[in-house]
Enquirer: 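Provided herewith is a single structure, encoded as structure tokens, for subsequent inquiry.
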There are 2 protein chains.
Amino acid sequence: MDDTKLTVRAVERALDILSAFTDETELSLTEIAARTQLHKSTVHRLLASLEGKDFVTRNAETEKYRLGFRIWELAANLSQSDDPAIMLQPEMERLRDSLGETVSLYVRDGGERIRIQAVQSNQAIRRVAPIGARLPLNVGASSKVLIAFAESEVQKQVLEALEWSGAAEKQSFVRQMTEISRFGYATSVEEREPGAAAVAAPIFNRGHKLVAALAVSGPSNRFTVEKMKEHASQIIEAANRMGKMLK
Amino acid sequence: MDDTKLTVRAVERALDILSAFTDETELSLTEIAARTQLHKSTVHRLLASLEGKDFVTRNAETEKYRLGFRIWELAANLSQSDDPAIMLQPEMERLRDSLGETVSLYVRDGGERIRIQAVQSNQAIRRVAPIGARLPLNVGASSKVLIAFAESEVQKQVLEALEWSGAAEKQSFVRQMTEISRFGYATSVEEREPGAAAVAAPIFNRGHKLVAALAVSGPSNRFTVEKMKEHASQIIEAANRMGKMLK
DNA sequence: CCATGCGTTTCATTATATGAAACCGGGTTT
DNA sequence: AAACCCGGTTTCATATAATGAAACGCATGG
């Protein structure tokens with residue numbers, strides 16, 4: 001076992017303990033021990049350290065542990081961050097590393113969608129589209145998302161833009177939209193570019209307003225429909241997390 | 001050196017690193033090392049652990065470290081807490097342990113103030129007042145705070161209630177109010193109870209609305225005017241932190 | 001009164017965190 | 001270019017410090 005550890009086990013364990021509080025707001029020592037698969041004694045010591053630094057406190061009534069005020073302090077100094085494109089980048093990289101495909105971020109600007117951030121897949125064959133690119137809003141997974149979750153007014157506009165096309169087209173369009181808003185994500189296969197496929201999910205800010213679409217895209221032979229469905233929930237989760245960062 | 005350590009040093013250090021981000025949103029490894037008085041190598045290992053668990057990430061541009069999304073996750077699950085009296089209790093205990101005096105929390109209800117939470121000094125001689133007690137709004141440090149930082153309408157009401165008293169009284173009252181709102185805290189010595197003194201600071205929620213007054217009180221011989229002034233900033237800080245927890 | 005469950009403490013044993021020093025890469029200066 | 005500096009990263013010998021089994025204290029309640 002020489003897979004050189006460049007991390008500190010005790011710290012990782014302590015952080016696991018903190019992470020346990022994503023599910024529950026209050027946990028007893030033994031509950032924590034159970035969740036983290038650590039021995040009581042260890043958890044106790046770790047909790048003592050966390051409590052000493054005010055990362056957790058005990059509810060004097062229930063004797064259980066909960067997150068301490070230091071988390072607030074950190075979170076406070078955190079939300080005032082600046083450029084969303086930069087803020088969201090780390091999370092996008094996480095997703096890229098997890099799925100191995102290019103991840104992009106789009107916003108809607110009138111009848112266009114603009115690619116405001118991207119982290120490239122590091123695989124040999126990959127989709128490329130420059131940051132800042134202005135793309136049509138009528139094709140592509142992210143476009144659909146940006147429409148399906150937009151205010152109804154925007155949707156009306158888009159529908160009117162379809163004026164020239166047949167009633168069947170319109171109907172299909174409407175059905176697609178309802179489906180997307182139902183499942184929470186959209187897919188596209190070779191819509192804008194031959195050989196390219198993508199999944200996209202909406203990003204809502206803390207005020208529940210649609211602000212962007214998060215898209216994962218790759219070559220359609222590698223990025224099959226099954227794979228896309230398989231990854232959808234993960235992408236949606238990432239989008240949710242990202243949304244929480246935006247006010 | 002047998003002062004039994006029931007804490008884990010590595011963890012404490014890691015938490016110190018996290019705490020460093022209360023001041024700055026972005027720090028480089030060496031900056032952190034300087035602040036925490038730890039050796040580069042150690043910081044590096046600790047940061048690797050923190051990064052692995054997504055408590056910090058690196059801004060891909062600047063190569064510097066910043067807080068990771070796990071902090072958001074935690075903070076998110078944190079803010080939905082329920083009863084302010086319970087939420088704020090740990091922070092009040094901190095203050096009590098630091099100053100050694102009884103800490104109370106008051107809200108205004110019409111022409112009264114209500115004590116909604118308290119953590120007692122553990123010293124022999126101590127001020128006592130039961131939770132839920134409804135007290136007059138015209139005397140006491142916390143009363144003054146609850147008036148001085150209230151909407152002007154409330155202040156007008158209180159002033160009208162002083163109708164019967166002389167113009168000099170009124171003027172003195174107004175001057176006191178402006179002073180309090182200027183310095184951010186109020187004091188009282190033997191106003192409501194002989195032998196008792198108190199300092200109070202306002203608690204504003206995240207919407208900058210006055211929601212409560214935080215008071216520290218003790219016997220006036222022990223809790224002198226000098227001591228009160230000395231502790232004022234600490235009390236104000238605690239009140240600020242507590243306010244951040246309330247939406 | 002004895003079981004049960006939880007938090008806390010002790011303690012020997014060894015894994016494991018530590019920090020000095022060396023290393024690496026990329027800028028900047030000479 | 002060579003030399004230098006300055007971040008970040010890795011290595012490695014050392015003893016420090018984290019570990020977990022077990023025991024303890026202390027409630028609660030069967």
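In the text below, chain A, chain B and the rest are named by the order of the sequence lines, each starting its count at 1.
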Enquirer: Could you pull out all residues at least two apart from A/Glu112 that satisfy salt bridge (Lys or Arg N to Asp or Glu O under 4.0 Å)?
Expert: A/Arg134
Enquirer: Is a side-chain N or O of B/Asp109 found less than 3.5 angstrom from the main chain of B/Arg113, in a donor-acceptor match?
Expert: no
Enquirer: Restricting both atoms to N or O, compile the protein contacts to nucleotides 19-22 of chain C shorter than 3.5 Å, with distance only.
Expert:
residue	atom	partner	partner atom	Å
C/dG19	OP2	B/Arg13	NH1	3.4
C/dG19	OP2	B/Thr42	OG1	2.7
C/dG19	N7	B/Ser41	OG	2.9
C/dG19	N7	B/Arg45	NH2	3.0
C/dA20	OP2	B/His39	ND1	2.9
C/dA20	N6	B/Ser41	OG	3.3

Enquirer: Atom CG of A/Leu6 to atom P of D/dG8: distance rounded to whole Å?
Expert: 16 Å
Enquirer: Table please: side-chain donor-acceptor pairs of residues 12-19 of chain A below 3.5 Å, with sequence neighbours left out.
Expert:
residue	atom	partner	partner atom	Å
A/Glu12	OE1	A/Thr7	OG1	3.4
A/Glu12	OE2	A/Thr7	OG1	3.4
A/Asp16	OD1	B/Lys53	NZ	3.1
A/Ser19	OG	A/Leu15	O	3.0

Enquirer: Flag the pair B/Glu91 and B/Arg241 as a salt bridge only when some basic side-chain nitrogen lies within less than 4.0 angstrom of an acidic carboxylate oxygen.
Expert: yes
Enquirer: Could you give the angle between the helix axes at the two ends of the helix from C/dC1-D/dG30 to C/dT30-D/dA1, with five pairs per end, rounded to 10 degrees?
Expert: 30°
Enquirer: Rounded to the Å, how far apart are B/Leu29 CG and C/dG25 P?
Expert: 18 Å
Enquirer: Under a 4.0 Å N-O cut-off, is there an ion pair linking A/Arg66 with A/Glu24?
Expert: no
Enquirer: So which of B/Ile32, B/Leu27, B/Thr42 actually passes side chain to side chain contact (heavy atoms under 4.5 Å, CB included) with B/Leu47?
Expert: B/Ile32
Enquirer: Whole angstrom is fine here: how far is it from NE2 in B/His44 over to P in D/dT11?
Expert: 11 Å
Enquirer: C/dC6 P sits how many Å from A/Arg58 CZ, rounded?
Expert: 14 Å
Enquirer: What is the distance, to the nearest angstrom, from the CD atom on B/Gln37 to the P atom on C/dT18?
Expert: 16 Å
Enquirer: Send over the distance from A/Ile17 CD1 to C/dG7 P, rounded to a whole Å.
Expert: 13 Å
Enquirer: Counting just side-chain N and O atoms, does A/Thr30 come under 4.0 Å of either OP1 or OP2 of C/dG7?
Expert: yes
Enquirer: Applying ring-ring contact (aromatic ring centres under 6.0 Å, His included), can you list everything that pairs with B/Phe21, at least two apart in sequence or on another chain?
Expert: none
Enquirer: Nearest-Å distance, OH (B/Tyr65) to P (D/dG7)?
Expert: 14 Å
Enquirer: Who passes salt bridge (Lys or Arg N to Asp or Glu O under 4.0 Å) against A/Glu237, sequence neighbours left out?
Expert: none
Enquirer: To the nearest Å, how far apart are A/Glu31 CD and C/dG7 C1'?
Expert: 13 Å
Enquirer: Hey, is A/Glu101 close enough to A/Arg222 for a salt bridge, meaning N to O under 4.0 Å?
Expert: yes
